[in-house]
Every structure is written in C-alpha cells, then in structure tokens.
Asks: 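Quick one: the structure is below, questions incoming.
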Amino acid sequence: MSHSASAAAGVRPVAAAHHITKRFGVTVALNDVSLTVDDGDIHALVGRNGAGKSTLVSILTGLVPPDSGTVEFGGEPAPPLADREAWRQRVACVYQKLTVIPSLSVAENLFLNRQGRGLISWGSLRRRARELLDAWEVDVDVQAPAERLTVEQRQLVEIARALSHGSRFIILDEPTAQLDGQAIERLFARMRSLRESGVTFLFISHHLDEVYEVCDTVTVMRDARHIVTSPVAELGKEALVTAMTGEATGLIDLGAGRPAPAPGAAPALTVTGLGIPGVFEDVSLTVAPGEIVGLAGAGGSGKMAVGESIVGLRRAARGTVEIGGTTPRPGSVQAALRAGLGFVPQDRHKEGLVPGLSIAENATLTVPERLGRFGLVGSRRRDELGAKAIGDLDIKAAGPEQPVSALSGGNQQKVVMARALAGDPKVLVLMQPTAGVDVKAKETLLGTAAAAAAGGAGVLIISDDLDDLRPCDRVTVLFKGAVVAQMPAGWADHELIAAMEGIRD
Amino acid sequence: AGCKSGSGGGGSAGGGAVGVDYPRSDTDFWNSYIKYVPQFGKQDGLDLKTTNSENDIAKLTANVQSLMGQGVKGMVLAPQDTAAVAPTLNQLKQKKIPVVTVDTRPDKGDVYMVVRADNRAYGEKACKFLGDTLKGKGKVAMLEGDLASINGRDRTEAFNQCMSQNYPGVKVIGLPTEWKGDVGANKLQTTLAANPDLNGIYMQAGGAFLAPTLNVLKQKGLLVPPGDPKHIAIISNDGIPEELKAIEAGQIDATVSQPADLYAKYALYYVKAAIDGKKFAPGKTDHDSTIVAPRPGLLEDQLPAPLVTKDGTYAGSLKATDPQLWGNQVK
Amino acid sequence: MTETQTAMAAPARGRITAPRLARLRDLALVPAIIVIAIVGYFVNPVFLHWDNLVNVLQQQSEISLLVLAEALILICGRMDLSLESTFGLAPGIAAWLVLAPGVTHGVGWLSGAWSIPVTLAIGAVIGWINGLLIVRFRLNGFIVTLGMLIVLRGLLTGISGGKTFFNLPSSMVYLGNAVWLGLPASIWICLVLYALAIVVTGYTRWGRALYAIGGNTDAARAAGIRVDRVLWGTLVLASLLAALGGLLLTGRLASVAASQGNGAIFTVFAAAVIGGVSLNGGKGTIFGAFTGILLLYMIQNVLTLAGVPAQWIGALNGAIILIALIISRITSGQAQE
Amino acid sequence: MTETQTAMAAPARGRITAPRLARLRDLALVPAIIVIAIVGYFVNPVFLHWDNLVNVLQQQSEISLLVLAEALILICGRMDLSLESTFGLAPGIAAWLVLAPGVTHGVGWLSGAWSIPVTLAIGAVIGWINGLLIVRFRLNGFIVTLGMLIVLRGLLTGISGGKTFFNLPSSMVYLGNAVWLGLPASIWICLVLYALAIVVTGYTRWGRALYAIGGNTDAARAAGIRVDRVLWGTLVLASLLAALGGLLLTGRLASVAASQGNGAIFTVFAAAVIGGVSLNGGKGTIFGAFTGILLLYMIQNVLTLAGVPAQWIGALNGAIILIALIISRITSGQAQE
Ligand SMILES: Nc1ncnc2c1ncn2[C@@H]1O[C@H](COP(=O)(O)OP(=O)(O)OP(=O)(O)O)[C@@H](O)[C@H]1O
Ligand SMILES: Nc1ncnc2c1ncn2[C@@H]1O[C@H](COP(=O)(O)OP(=O)(O)OP(=O)(O)O)[C@@H](O)[C@H]1O
Ligand SMILES: [Mg+2]
Ligand SMILES: [Mg+2]
C-alpha cells in the first residue's frame, strides 16, 4: 500500500471537486462537499444510503451540473457540460443505475457511441467485443440483446466497458452489489493491475470489507457533507462506522438473545421436491416457527428462482409448497399471501415498490382488508399503519404520506420490508433483503427479521451476502440448482463460500 | 332566456338578431356560402350572429342553444344530419323562433322554409348528361362523397337509380372517398388500371376531386379534348370557378352548379320574412323556382341548379361563361 | 434499534410539503376555469347566465363519460383509443336491432325496450374483447385499441350504410332528454358517476389497486393484487361508460349518426391530460379529469359566443388547448418525458 | 480466477439463435405481402399487372414518407402526432404565399419558384417548435404533438378558408408528377429515402444513437450521445419528411385540400407498428416500417379491385389491420405491455 504514501508526497490530483452544493427541490443532496482523488489511488467513498455519493458521481462525470462549486481534472477546470467527449476522455464510470441498453446487442453496448467513423463495420465491432469480454471471462453471445443477460452479466459488461475506455480515472458506484464472490475477486484483481499501470479509481461500496481489501484511501460522507478523508490503514472499522453514522455505537450481534425454536412444532414452511427444469431440481426444505433458515448459492445457482417459486411469483414445474399447513395454488402470489406469507422480492424497483404512491400505501398494499370493511380504504387507518412502520423500521421520512420515490435506497428497502411484515406473516421469505443497503440499515432490516422470528414466524433468507446469512440457525446451500450442503449455525466464512462455489472438501 | 342583447349592435330592420349556423368551413362550396351570408345580411339590414358546427350535429345543437341564449329572433341552419336535428327544431319551436334550413330537409320537425337545390336532382342531371353523351353505353366511375353524408348519398342513389332505369347499358363503378381528394385519386387510378375502357366520370364534388382527377388523367395521357376517341366524359358538381374554367378549357364536359349565392340570399330573405310575419304558399316564385310542401309544417323553395356546359347547347344547360353563375361572380 | 437518527431525518423533513402540493395539483385548473369564466363574461354577458351554464354542463356530459373512462384506464397505465368508436357503435347496434326495416333501415329483431340493455351489453362486450386481447393475450393496448377503433367505426358504417338511425324508441331517448329536478338528466348522471368514481378511486381497494397497477404493475402483482382481473374489469367498465355516454348523446339528438364519436378521442385525451392524468400511469385524479373536460367545453362556448370567424375557430381552439396543456404541465412541476 | 463458469455460460448459450430470429422479424411481413398478392391476383388478375403495381407504389409513396418520419421518432422512444397536420399545412402555406389573391385565394407574396423551399422550411420550423417544447422545455411529446396536430390543422383551415388551393405553380407540382426512368418520381424519392434511412439507422453512429436513446435515454446520455441534439434533429427531420410527403401528394393531386392529411396518423401508426416498430422505443427497423405501409396499401388496392360494398370497406379494412397487428405482435414473439 505504498500508493497512499506517494499521494501524500504531493502527486497532482487526478480529479478534484471543490465546495460542491447540489439540491433537488428541497432536498440538499450535497452540501459544500470537497473531494480530492490522488493519482494512482484506489479511493473509497462510503456513507449511508442517501448520503449523496451517487450525486457526487454524476457531478464528477458531468451528467449533472452542480448548483455551486467546481470540478477539476489534473488541475484543469472541467470541460463544459455539453462536451461529453471531453468528459469521457477524463473519466469513465460504472453508474449505480445500470446503463446498458436492453434492446441493443452486447457488442453494441460495449462500444456505444464509439462504433467508429463513417459506416459501422459490425464484424469488426463484434470481434473487438468478443476480445474484451474474453478478458473478463464473460461467456455470452455478443450478438444477443443485452436484455437477455443476467443482472450479473450486465454488471460485468458495464465494468468491462468502463475499463475499456482507456481513461486514467475510473469511478465504480457500487459495482459489487450484483456480483458473486468470484466475480468480485476478478474485479479486484483487475483493479489492482490497472492501478499498477497508473489508473486511478473512485470506488463506492456498502461492503466495508471490500474497502479494506482493495482501497488505499477512504472518504466518508454523511448527510450530504464530507466528514473525513484518511488512508484506509489509519481508520479502523469502528471509527469508520462511527464516521458514517455519526454515533459511537458499534454493530449489534444479531444472533444473540433469540429464543430457540420450539422443538417438534409443526413447520411453518415446508418445501418438497420443488423443481423447474434447467433452473433448479428437487429442492426440499422446512422452516420451523421461530426459526431463521438461510438459502445460499452463487450467482446462477437458482436460489432466487426457488424463492420466487415459494412466494408464487413463479410457478414451479414440480413439487409442493406448504405454508402453515395449507398448500396455496402454485404460481399465485395472492394465494400465498392469504396462506400467511410475507416476502421481500429480489429487486425492489421491479417488484417491491410503486414509486408514485406513499409510504403508507406501499406498506399496506398487501393488507387492504385491514384498512376498512366492504372494500373501503380508510386513509387515516392507513396512515396510522404507515406511521407505525416508519417507527418500527426506523425509516427516514417526512411522514407516511411521502411518496417512496423520494426515499433513499436503504429506506425504500425498509418500506418493502414493512410491506412484507404488514400481514403479520407466519412465514417470511426475504430475497437479497439488504442489497445496496448501508451497514446501519442492514442491521435494522436483519434485526426486524430476527424480531419476526422471535415472534414465532418462520424466516427464510435467500442471499449470497454472508452478512445476511449470519443470523440464520442453519443454511442450505444450492449449487447449479441442486442442494449440496446443509450448514448449522457457526459455520466459518470460507466453508460457506467453498460450498457455494461447489468445492467439496 | 330573457336577456338583452348587451354587446350586439342592437335592433335592426327585422327587429332582432338572426342566428346563422354554418355547417362546415372545410369545403369550397360552404366557404362561398359563408362569404355570401354577411354580404346579403348587410343588404337586408340584418344583425347576424354566426356559429360553425363543423359538420358535427352535437356542435350544432350546442350552437343553437347559445344562439338562443343570445336572444335571436330567427335562425338559419344547414343541418347535414337531417334526422338528428329534430330535437333542436322542437326546442326552437317551443321558443317560437322560426327556422330556415339550407341545403337539407329535416326528416322531422317544423321548418318555416327549406331552401335547397335538390341533391337528387344533381345526381339525375349528371346521370342524364353522361348517359346521353355516352349514348347509353360504356363504363363510368363515380367519385362518391362520404357514406355518412346525406348529400353524397342522395347524389349517389339518384345517379345509380337513373342509370339503371334509363341507361342500362352503362356500368357504374362507385368509389367511396370520404370527400378526400387523395382517396379519390388513388381509387380512380386503380379503377383505370382495372378498366382501361372507362368512358365517363361523375365527380360529386368539384372542390375535392377536380384537380386530382385531371392530374390522374394527365399522367395516363387520357386528358384529351372531347371528340378524341380516348376522351373520358367528365361531369362535376358544385360549380366552383375552377370547374367553369376547366369546362372552357375542354378538360371536363359539364358541371352542376350548386347555387351558393342563392342559398345565402334566400335563406336570409325567408328568415327576415318570417320575423316580419309573412306567409308563403306552394307555387311558382319570382326567382325561377317553385315552393312545394313535401309534408305538413314545412315548405320548401326548390332553387334552380343549372347544368353548365361549354357552349350551353345541351338541353337546359348554361354556358360556362354565363355571368349569372355564382362561380363567375367570385372575386 | 432505538437510536434516533435525527441527522438523517433533517433533509427528509424539508420535503414535508410535497404530498400537500400533489393534492393541490388536483385544483390546478380551477384558476384557469375562473379566468375563462371572467373572460367569457366580458366577451358576452350571456356566458354566465344560468341557461348557458346548464347548456355547457349538458353539452360536456356525454363526452365527459368518455373522459372518465379514459382517465380510469390511464391511471392503470394503459390506453384505450377505441372508446370513441364504442361511443357510436353501441347505441348504433341497439338502434339497428330495434328499428323496423324500411324507412328507418334497422332490422327490427328486438322490441324498443331492449335498446338500453343492448347498448350497455355491446359496450361491455367490446371492453371484454379489448381485455381479452390486452390482458389475456398480452398485446400492446395502444395497438389493439387503434385496430379496434378502425374496426368498430367500420362496423357502424357497415350496419348503418352510413345513414343516420332515427325514430328511436322512447326508452332509448329518455335519458338524453329527461329533466330531473330542473336539470337535464345527463348532467345528473355525469355528476353522480364522477362523484362515485372519485370515491372509488380514492377510498376503495379496487380504486387504489388502479394506482398501484399504473405505478408499477409487477409490484402490484407481487403485492397480491389480481392485476389481470382489475385491468380487464376496468376495460369493461370503461367501454360501458363509453356506451352510456353514447346513449345520452343519442337521446339528446334523438338519432345515431354513422359518424357519432368520430375524432372525439383527441378531445378526450386532451381533457384528461390537461386535467393532470399522466399518460405513464399511476398519477392524476378523476376530479382533475373533470376539470379538464369542463375547461375545454367552456372555451368552446366562449369562442362560439365571441363569434370568432368560422375558419379560425379550429386554430384558436387548438392554440388554447396547446397552451393549456403546456401550462398544466408546467404547474404540475415535473419535466415529463 | 481460472475456474471456467460453465454453469453461467449454459443458459446464455442456449439462447444463441435469438438474435438471428430478431433479424428475421424484419421480414415478418413478407409472407403476408405474398399472401395478399396471391389473394389479389385471384380477386382480380389486374392486381399483378405492372401498371397496377406501379399505382400501389405511387399511392403509398407520399404517406410512406410520414411512416418513415414516424418510425424514426418512434425508434427514439418518442411520438409525433402532428406529422399529419404538417403533411397538409406545409404545402398549404407555400401555396397560400405564392398564389395570387382573388380566384386562387392566396396572398401572392412570393413567386412560384419559392414554393418548394417554403414548403420544406415550414416543415423544418414545425419540427423545430416541436423540439423546443419537447426537448428544451421537457414537455411530454404525446401531449405537445396532440396540441400541435389540432393547432396546425386549424391554421390550414384558417389560411385556406377551408378551400382547396388550385392552379399551383409548376415547380410545386413537378415532383408529384414527373416520371423518371419510366417510374413516377415519387416512387424513386420514396425508395431512395428509405434506402438511405436503412443505411443511416443501421450503419452510422447517428442512426445507432436513435436506438440507444429509444432503449434507455439516461444510458445514452451517459455514453456521451448528445441526446437533446439528436432528438431535436430527428424531430426536425421528421417534419421535413412530412412536408416533403405533403409536397409529393400536392403535386400528384395538383392541389392542396384544406383537409390534406386529416386522419392519416392512424394509418401511419398502424403501418409502423405492423411493420415491427415498437412504441416503447429502441426497437424495429425502417425496412419493417416500409413493409407495413406497403401491406396496408396493397390491402386497400385489393379491396377496391374486389368491389367490396362501400359501406363495408371500413370494417373489412379495419379487421384486416387488426388481424395484421395481432399476428405481427405474435410472430414478434414477445408479450408487449
Ligand atoms: N434526481 C433526484 N431528484 C430528487 N432527489 C434526488 C435525486 N437524486 C438524488 N436525490 C436525493 O439526494 C439524496 C442523495 O442521493 P444519492 O443517490 O446521491 O445517495 P447515495 O449516497 O448514492 O445513496 P445510496 O447508497 O443509496 O446509493 C437522497 O436523499 C436522494 O433521495
Ligand atoms: N425464465 C427463465 N428461463 C430460462 N432460464 C432462466 C429463467 N430464469 C432464470 N433462469 C436461469 O436459471 C438460473 C438461476 O436463476 P436465479 O436467478 O434463481 O439464480 P440466482 O442464484 O439468483 O443468481 P443471481 O445471484 O445471479 O441472481 C440462472 O442461470 C438464470 O439465468
Ligand atoms: Mg448511490
Ligand atoms: Mg438472481
């Protein structure tokens, strides 16, 4: 880690933002923020959801003009906003929101707007795309439209594209949120080797372990302000969390203090011989009331498909799902909800939230019968329930009437959780419940799951994030669509990772 | 609606305002009418309040309501939908406001006077002219109007009926066009491809079809003067200035002149008479027309719609340069 | 989980007015309506006479049912262009079935008492077919209803031969002509249906489901809302409303013209959108839609009273609509793409 | 980092034929065109005569420029309803400016030689205004162009007084009448413009930018595409094409009717969509759009040759369009919402 030392020795900064302020309506997203990224560094930018990280990224890449303040590259003022070409020479970026174009081919996405002068030669474009992706071991048909890729493949395509620009400064906004362990390792290896050739990175992640693994310097933001910039080595994890949250409380051990599930109780959830040809086969598991069970697996293992089949978003070809003693009609979310299920879907933007509706409406969407009789909906009753959810889940919001589109990612995820809990479910299925959520919010979300279990619900957490799986009483591991391991609580990280990657000891 | 005419010019010779609803402003014929109305209104010293129902009967009803609200003493309508106007006439009758309708005869309801040239007569005149010109043999294409238009339908039905009765040797190819020039041109082109031996064309509206038809024929090399064996006999309808010029130039053979000026003139004449309390009876009038009583509660002044040819030698036809024709009076 | 995190809450607090504003948006057109009323009064004092106001209300009552129908569908994030054809075809078929052959060119298969049920049934059937194609077969709604618009219009021309149906049975013209408590029945019907729709969309499960579906169909489905059923039902309801609107107009005009409803869809969309209903679904209110159509008809009425030259009415009316659209979008605050 | 991830690769590989299929989608209408040709031949052998085929091509040439214009805009994920009005207004204003007052009711401010430049300039100006409102002021395109459609239509009625402009200068009618190498000039113009558009949209950065913008505007912006400039340019280009189409029709009919273009937008959308252009942007090809409009005109032609009773032509035509829309959506494979 000699790079931070050389930075201290007065290398010219690759990029700098000075006194940036940015408002969206009444929201202050950035408040007098300054940031300097030194040449050859891997610079981490951390902060809780809504701290303003992504906003700073869009200002640093010229997508959004700041209200006040200036941006510099290599000591020169930034080019005018209209000159996108000049910006792209100075900085490349993987944005938090995916920016592949679904209808275009993978090859075209990789070389968007730089297909070459004059008439485009599709043959050579495809060849170049193939070479680029081979370097990343992304085995996809470059002629396929990007919409056919998995989320992970799309993310890799974005990363490959950003790194192929030849820019000397690259911003990665939560690039690892959608990647599995191996892909993350490959990304880090590539980042390190690019750093050796003089490329500078600004790296954003909610996984603090990753910050310690690859970064040299870390900047913490909180509430739209810059808090501290320090070499990673000099800032311990406790101090980092304190800087992010503004409080000196450490993280709580979620596993502790929960009563053990009553032995011999009828299972809350029983899955028997579930299968979808080509996706997963013969998956069986049970969750007892008060128990938290994990379902883990690497990308493409089929774990989400299992979860979606349980909750009715998908219809399994074989097998049965029993919820609290009843067998809901397969492929019907309604039936599953009525049987006593609550769930958090994998992607909150797709299936989790109705952005235009209020927090209260979103949180009570699954339980209209609690809002009034004869199909009537009492808005007072609804807002009461919404306010309760805001209190229980510690949602940062102006009130139950605020539209969820105005919330930060972590708080949106909490609303999805509130919706899952609204019907006091007997069974709670959580798919990637903490994706893209900051450490503190993660704690709240998992704590809520634990509390639900303590209250007698059976909880199934489906994730490949080890933090999500820690509170579990046991973890079932899926590999290529088949159950390969059962791990009781107390597993070691490397054991679980090995099982997820299909390596048997 | 007891309301004073606040902003209007106040009382006039007729002792009150007259409401005129124009049926539409997107055809040459009705635009000429729209131009004549204020002209004759001024001559008659009438205070006119005008509206436009844009060929929409619901709008006509709304317009009549608002004209009544403005306290008009008489009303001139040109309902293109002769059935749907009945409730409106009923309302006007209850308010004792006399109505003159122009161009169409309502199916129900009382009307002081209908001023029109019979659309069926147009169709018949066109049929007779073509039938005689073709000597009762051949194929003619008819560029029809819109099925939903009573005028178009009357012309179509009369033309077809007259042909099958009087000239069974003439085959009629009907081409519905929604009064659209491009549709007419396309269908005529297609018909010419399928029937290279076409001998005659009846265009139900000169404004819409004259230029497109001539252009199609020109492209096919079929625009030749009468007498040439390749000549296609064409009769038009409306009598707009361009038609008269085309007749003189020998491009088309004839047209039925629809008296836009007389429509305006006599509509206002009768509405003024109604306000003044005059009464009319069936019989000949002083302006070359006949008043008939097709049903109780309604009189109809059938204005002459002259056939126009180049030299005016065809029986009952006028010369294209006749200054009497409204098409020759347009400045 | 008891630490209060006031630091983060601060910026959020600043947004407290947002939902209030959203509610105010419903009233966005009220100032415009007042302005038009004042302008109208100066153009011609008749404008504010009771009779004239009743006329305006009655004239918009039929088409306002189309606007209501379209607004419901737009809130679900869908579109139905075919409503304008249903508006003409439903009463058209009823008239065709009940009128005697001969003069009135019907087929006379049913007695006059059937005319209202048949009209409504035709509406429901058309909505059901739209639902079948859009909901069941998952075809694009714009495309399906564009096709249906053309077919249904053609059907009405076909059965009527382009002619107007008249001499309608008295049951069929009753609603469009009756006067209840001193006001035309169609005004009452329009107001009651709007009031009902405002309550339903604001305060019932079914109504809120429309907003959820329009806002995010997948999320609505994941929340256990029977998306397909609600959508299909809304399409049927909308066509029913269109048929009812057509019936009212038929009654007022005592006839069914072959062109009834032609081109109305432009006005309907303009009204809904001026009234704040979003084409992207999930946003807007029924009350807003009502102010939209009311405004358009008031403008029409003022232009008529002003005696604008016939040939310029179209351009002027269009310009006012365009300006209203622009202003309504600007006051609604957001750039819309 | 050396483990090959065959598990991940497998499902992707399985889909290898998909892009091939997508390309075939361009040809989706070719079988339909062949079927119609055969049906047409049996209905009336004249259908396949050279003359008749030339007629069909010429008849669709003007409106096909509107389809081309709309397809370009749809690919960008936008809509322009006002094209149908531009189609009439642009040549209308030119005629008005060059025709002498009096009989031909123009104002006669310009000499006849100006008619073509003026027509095109009007088209460009209308496109520029659409761009100003949609791109600069970020108003919803559907709404803006709906308003523009009404205003522009009203303007044409206004300046023409509803009358048809006759006696046009020869330069103005030249393109619609000329015959080049044995084929009408308008066919050549249409084919050349389509060929050009196919090359541009398929093989140039600008063309690909349209697809990128239609697929994901934010992503396109992030990739350095000057989204606003491209969009604005496309809107101007589209209106120019519409004006040119109007000019060709004006030439062929040797006149500008006040209703020129009215209602054409329904046909234009139907053609583009049948031809596989998606209303959601980013999908479809120019060649597909061409097959769409060609098919519609072939159907029209067959119906005319078949001598279908006038009153049923609308319904039959509509039914065929609806069926074509449904089939084209089904063969394109995806449920579209
Ligand atoms: N376009 C926008 N309009 C309105 N508010 C916005 C917009 N973009 C961001 N915000 C608000 O600005 C604040 C900062 O958002 P930003 O996306 O920068 O946070 P972040 O630190 O990236 O959070 P996360 O970790 O969840 O990605 C948030 O409160 C967000 O709601
Ligand atoms: N509808 C489908 N048709 C064909 N293959 C599918 C379908 N849905 C999922 N798959 C494939 O099945 C596999 C399992 O998908 P699933 O989303 O459950 O995996 P996962 O473990 O959640 O992976 P990730 O972590 O990447 O989301 C993947 O390879 C996916 O591409
Ligand atoms: Mg972010
Ligand atoms: Mg997954």
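Every chain is numbered from 1, with letters handed out A, B, ... down the list of sequences. Here the structure is a predicted model, which is why all the values come from computation and not from measurement.
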Asks: Using side chain to side chain donor-acceptor pair (under 3.5 Å) as the criterion, list what pairs up with D:Q60, not counting sequence neighbours.
Replies: none
Asks: Which pairs pass salt bridge (Lys or Arg N to Asp or Glu O under 4.0 Å) with one or both residues in residues 222-241 of chain D, sequence neighbours excluded?
Replies: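 Every pair satisfying salt bridge (Lys or Arg N to Asp or Glu O under 4.0 Å) with a residue in residues 222-241 of chain D: D:R138-D:D228, D:R221-D:D228.
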Asks: Side chain from CB out, backbone as N, CA, C, O: work out which of these in A:L63 comes under 4.5 Å of a heavy atom of chain D, or both, or neither.
Replies: side chain
Asks: Sort by residue number and list every residue of residues 233-244 of chain D having at least one heavy atom under 4.5 Å from chain A.
Replies: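 When heavy atoms of chain A are the reference, residues 233-244 of chain D contributes no residue within the under-4.5 Å range.
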Asks: Decide yes or no for D:L65 and D:L193: does some side-chain heavy atom of the first lie under 4.5 Å from some side-chain heavy atom of the second?
Replies: yes
Asks: Among D:G224, D:G215, D:G214, which residue has the highest count of heavy-atom pairs closer than 4.5 Å to chain A?
Replies: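 Top count of heavy-atom pairs under 4.5 Å with chain A: D:G224.
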Asks: Determine the interplanar angle of the A:W87 and A:F73 rings, folded into 0 to 90°, and report it as parallel if under 30°, tilted if 30 to 60°, perpendicular if over 60°.
Replies: perpendicular
Asks: Please flag which part of D:A222 lies under 4.5 Å from any non-hydrogen atom of chain A: side chain, backbone, both or neither.
Replies: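 D:A222 touches chain A through backbone and side-chain heavy atoms alike.
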Asks: Give every residue pair that meets the salt bridge (Lys or Arg N to Asp or Glu O under 4.0 Å) criterion with at least one member in residues 204-217 of chain D, sequence neighbours excluded.
Replies: A:E108-D:R208
Asks: Let me know if A:A82 has heavy atoms under 4.5 Å from chain D in its side chain, its backbone, both or neither.
Replies: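 When you check distances to chain D, only backbone atoms of A:A82 fall under 4.5 Å.
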Asks: Would you mind reporting whether D:V277 and D:V67 have side-chain heavy atoms less than 4.5 Å apart?
Replies: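 In short, these two side chains do not touch, never coming nearer than 4.5 Å.
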Asks: Does a sphere of radius 6.0 Å around CH2 in D:W188 hold more than 12 heavy atoms from other residues, nucleotides or ligands, not counting ones at 6.0 Å or beyond?
Replies: no
Asks: Would you mind reporting whether D:Y211 and D:T285 have side-chain heavy atoms less than 4.5 Å apart?
Replies: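 D:T285 reaches D:Y211 side chain to side chain.
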Asks: Under a 4.5 Å heavy-atom cut-off, does chain D meet the side chain of A:L104, its backbone, both or neither?
Replies: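 The answer is the side chain of A:L104.
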